[in-house]
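I have placed the structure first, in the form of structure tokens, so that the comments after it can refer back to it.
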Amino acid sequence: MRALTYHGSNDVKVDNVPDPILQEPDDIILKVTATAICGSDLHMYRGKIPAMKSGDILGHEFMGEVVETGANVTRLHKGDRVVVPFVIACGSCFFCDMDLYSACETTNPDRGSIMNKKSLRSGAALFGFSHLYGGVPGGQAEYVRVPKANVGPIKIPTNLADEQVLFLSDILPTGYQAVLNTGVGKGGSLAIFGAGPVGQMAAASARMLGIEKIFMVDHHKFRLDFAQKTYGVIPVNFEDCDAAEFIIEHTDARGVDGVVEAVGFEAKGSAVETVMTNLKLEGSSGKALRQCIAAVRRGGMVSVPGVYAGFIHGFLFGDIFEKGIGIKAGQTHVQKHMPELLKFIEEGKLHPDVIISHRLNLSQAAEGYKMFDKKEDECRKVVLTP
């Protein structure tokens, strides 16, 4: 089969690779009908994620048709059309029993990215996300093996097109959970840092949930313009002003009720942070987080769906304490949110497909990565079809 494989920093290509086979009784084999390039994929594309190996198959946003099932698969049958969550969870461990699926302690044989790990078990394995998270081949391919098929994939009604539901795999539940984690309710105020796909889905979710005032911070005008037109956000270009100061000035000098940090560890940082990161003296830029901490009101919540690893310079924990704010972060418990979000799509309350800007064949995946990485041609989201 054909699949998009990693060969080093900024070097991906579509190769012929062996077809996947069933390995466990609760596996399925999926014929992929649609897959997407996620902002998290760019971390690996840029060579920023350790434990990537040449030939690894990328991609964790995908859906398709079941073509083969293991002997213990009870929820799915050949011919079923499903979306697959990027998190691989067993459904029955200590954490899965609490609906904390991304914390599943049975699916990831690798160490994860915790620096001070001690004897902790690793969190869940993830599709196409390095050998820190199971080394599981991803879905930017013609076929993919899906483990734990009784827990993850969700059946899709025939009246919904692939593009309407594809983002149930990651960015829609990630944006939705990020907003829920802020605790901001109807009539409240929210700031979203990062106008990429997750930030856009957070804005869509916030608007659906009745949050009244939504600020969106970025420096790509085309992204801000789209979010303003589509979701009615107040755009804030951080190259034109101090974003946190602007937000405070426009919220009665208090700050917003909650903040979503949808940027992650590759946030544009100071010159000092850039040098320190290049020298491996710190793991991430802390600039976006510092802005989030500054922009939220006292007693508010900062929600972080953006990927972070390692230590951060200038975290300003004293400001967190002095303002009495909370932090919620981590990978998304996708399985928890998928049924509810599918219902919202069916009811016409959410239209995640509106963010798609480019549709390419899988054979053009390398071109899609480059375009998305460089923000060429006002690229918001790339969908690939095998």
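Both backbone and side-chain heavy atoms feed into the values below; hydrogens, waters and symmetry mates do not. Everything numeric here is computed off the predicted structure, so don't read it as measured data.
- When only modelled atom types and interatomic distance are considered, Gln140 and Asp41 share a side-chain donor-acceptor pair under 3.5 Å.
- His60 contributes atom NE2, which lies 4.5 Å from atom OG of Ser40 (distance to the nearest 0.5 angstrom).
- Note on Met1 and Leu22: same hydrophobic cluster, where clusters join Ile, Leu, Val, Met, Phe, Trp and Tyr whose side-chain heavy atoms are under 4.5 Å apart, directly or indirectly.
- Taking every heavy atom of both residues into account, Cys96 and Tyr101 meet most closely at SG-CD2, 3.9 Å.
- A side-chain donor-acceptor contact under 3.5 Å links Tyr133 and Ser113.
- For Lys221 and Glu239, the salt-bridge test fails: no basic side-chain N is under 4.0 Å from an acidic carboxylate O.
- Gln291 and Ala244 get closest at one heavy-atom pair: OE1-N, 2.9 Å.
- The only member of Val66, Ile156, Leu30 that meets side-chain contact (heavy atoms from CB on, under 4.5 Å) when paired with Asp80 is Val66.
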Taking it one step at a time, do Asp162 and Arg81 satisfy salt bridge (charged side-chain N to carboxylate O under 4.0 Å, His left out)? CA-CA 9 Å; Asp162 281 10; Arg81 183 164 159 258; 3.0 Å; yes

Step by step, would you call Glu322 with Arg298 a salt bridge (charged side-chain N to carboxylate O under 4.0 Å, His left out)? CA-CA 8 Å; Glu322 204 276 337; Arg298 295 178 186 275; 3.0 Å; yes

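- Follow the hydrophobic side-chain contacts under 4.5 Å out from Leu126 and you reach Leu4 in the same cluster.
- Ring pair Tyr45/Tyr369: centre-to-centre distance below 6.0 Å.
- Contact between Gly299 and Ile325 at its shortest, heavy atoms only, is N-CG2, 3.9 Å.
- Screening residues 114-137 for salt bridge (charged side-chain N to carboxylate O under 4.0 Å, His left out), with sequence neighbours left out, gives Glu105-Arg121.
- For the pair Val136 and Ala125, the tightest heavy-atom approach, listed with the atom from each and the gap, is CG2-CB, 4.3 Å.
- For His219 and Asp240, the side-chain atoms include no donor-acceptor pair closer than 3.5 Å.
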Using salt bridge (charged side-chain N to carboxylate O under 4.0 Å, His left out), reason through Glu24 and Lys148 one step at a time and then give a plain yes or no. CA-CA 9 Å; Glu24 300 292 340; Lys148 305 300 178 186; over 6 Å; no

Lys374 and Glu376: salt bridge (charged side-chain N to carboxylate O under 4.0 Å, His left out), yes or no, with the steps? CA-CA 5 Å; Lys374 301 298 183 184; Glu376 296 172 348; over 6 Å; no

Does the side-chain hydrogen bond (donor to acceptor under 3.5 Å, both in side chains) test come out yes or no for Glu340 and Tyr176, once each step is laid out? CA-CA 11 Å; Glu340 182 179 30; Tyr176 181 64; 3.0 Å; yes

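- No hydrogens or angles considered: a donor-acceptor pair under 3.5 Å links the side chains of Tyr308 and Glu261.
- Evaluation of the salt bridge (Lys or Arg N to Asp or Glu O under 4.0 Å) rule for Arg254 yields Asp252 as partners, not counting sequence neighbours.
- A distance of 6.0 Å or more separates the ring centres of Phe129 and Phe86.
- Under the salt bridge (Lys or Arg N to Asp or Glu O under 4.0 Å) criterion, Asp218 pairs with Arg223, not counting sequence neighbours.
- Between Asp373 and Arg46 there is a salt bridge, since a side-chain N of the basic residue sits under 4.0 Å from a carboxylate O of the acidic one.
- Nearest heavy atom pair, residue Ala141 against residue Val32, reads O-CB, 3.2 Å.
- Residues Leu360 and Gly368 approach most closely at CD1-CA, 3.6 Å, considering heavy atoms.
- Residues His131 and Asp56 have side chains that bring a donor and an acceptor to within less than 3.5 angstrom of each other.
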